[in-house]
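Scroll down for the structure; my scribbles are underneath it.
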Amino acid sequence: MATSAAQTRVPAAGLEGRGLEVRYGDAVALAAIDLRVGPGEVVAVLGPSGSGKSTLLRAVAGLEPLAAGTVTWAGEDLRRVPPHRRRFGLMFQDHALFPHRDVAGNVAFGLRVQGLPAAEIRARTEAGLAAVGLAGFGARSVRELSGGEQQRVALARALAPGPRLLMLDEPLGALDRALREHLVDELRALFARRERAVLLVTHDHEEAFALADRVLVLHAGRVEQDDDAATVWSRPASPFVARFLGYNVTTAFGAPVAVRPDGLVWSAAPGPGTVAVTVVDRTFRRDHFRIRVATATGETLDVAVREVGAPAAPAPGTPGTLALAPGAAVALP
Ligand code: ADP
């Protein structure tokens, strides 16, 4: 960027990371990361294990030294602002609750650090617990709580000091499916209530799309795609993103395309524009069958089979054909 443009740039509202780089010894954990989270915006950092998600959160929080790049809030450089003065709330993956404090003692922690008067600490602790559905839990020992309740206490603790940015590391990571679905709804409601910026990291794309307005996909410490959630989901920008989201990446129909399992149509009969395949595996999903098929060239593809009234899906060994559903293929570079 030209110097004059940089000097006249209007500062972004909210969080902005530019050119962030983190190294562990000789290893580059994050390289050239640009990141923005506006007020009221929920951004998910999505990527597989080891892609740098937690490192990015810690770097933004000021807990990880930057080898290069800047973190600003509303244009203010945070380089010399220590983590506890950034007004960012951080909820770690393992909750990291203080086991010897009761629930209220955990939630009040950040308020005590701020040195607020006792009456205000009490009031804000109670409000924080009420916000996560744990009103009246203050005197309980955190060791008596279920995993889901501990998660809520950790969330209340991060929220209580009124952070301008809330950062969540795998917020639903350790919970079972039913609880996760419930908490997703609660988190969405909580995010919607305030004009607060939220940055969350997750390896679970369903969680990212359920919670976030914008999704930034990380791969080996670099940004693969940064778009609104619907665009990432419907137009993955690279083969990596496509595969990570559960698309097939295939040249079986000609040019390289990404296609979701429900964009492929299985048939036992040959037809125009179809590709000959053989079923190699079959599994039952919650509301459909998933078959894996192999082409004559040995490519394997996952296909959703939903026909109502069909006698289940074809068994391994069954020959058939695949066609692309209209509009299902996404062109890839
Ligand atoms: P994710 O959160 O996506 O699983 P991490 O941010 O934890 O990824 O890790 C990114 C990369 O940095 C990995 O290769 C990991 O092994 C490495 N890494 C993370 N923390 C450290 C550390 N303290 N020292 C050395 N390497 C680390």
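As the structure lists them, so they are numbered: ligands from 1, and atoms in each ligand from 1. Remember, predicted model here, so these are calculated numbers, not experimental data.
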Query raised in the report: Just wondering, more than 12 heavy atoms not from R188 lying within 6.0 Å of its CZ?
Result: no
Query raised in the report: What are the two closest non-hydrogen atoms of D226 and R214, and how far apart are they?
Result: OD1-NH1, 2.6 Å
Report task. Within a distance under 4.0 Å of any heavy atom of A29, pick out the atoms of ligand 1 and give their elements. Result -> 12 (O)
Query raised in the report: Would you call E126-R122 a salt bridge at under 4.0 Å N-O?
Result: no
**Report entry** Ion pair E186/R152, N-O distance below 4.0 Å
**Finding:** yes
Query raised in the report: Is S49 near ligand 1, meaning one of its heavy atoms is under 4.0 Å from it?
Result: yes
Query raised in the report: Considering only protein heavy atoms, which is closest to atom 8 (O) of ligand 1, and at what distance to one decimal place?
Result: G52 N, 3.2 Å
**Report entry** Residue-ligand contact A27/ligand 1, heavy atom below 4.0 Å
**Finding:** no
Query - Test log, rule side chain to side chain contact (heavy atoms under 4.5 Å, CB included), inputs T251 and E299 - result: CA-CA 9 Å; T251 52; E299 232 191 287; 3.7 Å; yes
Report summary line: Nearest non-hydrogen contact to atom 2 (O) of ligand 1 from the set A220, S54, G25 belongs to S54
Query raised in the report: Between the side chains of S54 and D169, is a donor N or O closer than 3.5 angstrom to an acceptor N or O?
Result: yes
Requested in this report: Test R292 against every option in D281, D302, T283 by the side-chain hydrogen bond (donor to acceptor under 3.5 Å, both in side chains) rule and name the one that passes.
Outcome: D302
Query raised in the report: Is the shortest distance from atom 15 (C) of ligand 1 to a protein heavy atom below 4.0 Å?
Result: no
Query raised in the report: Is any N or O atom of G50, backbone or side chain, closer than 3.5 Å to an N or O atom of ligand 1?
Result: yes
Query - Parallel, tilted or perpendicular: rings of F240 and H219 (30°, 60°) - result: parallel
Query raised in the report: Which atoms of ligand 1 have any heavy atom of P48 under 4.0 Å away?
Result: 3 (O)
Requested in this report: Answer yes or no for atom 20 (N) of ligand 1: protein heavy atom present at a distance under 4.0 Å?
Outcome: yes
Requested in this report: Could you tell me the residue and atom name of the protein heavy atom closest to atom 24 (N) of ligand 1, and the distance to it rounded to 0.1 Å?
Outcome: Y24 CD2, 3.5 Å
Query raised in the report: Heavy-atom distance to atom 6 (O) of ligand 1: which of V201, T55, V22 wins?
Result: T55
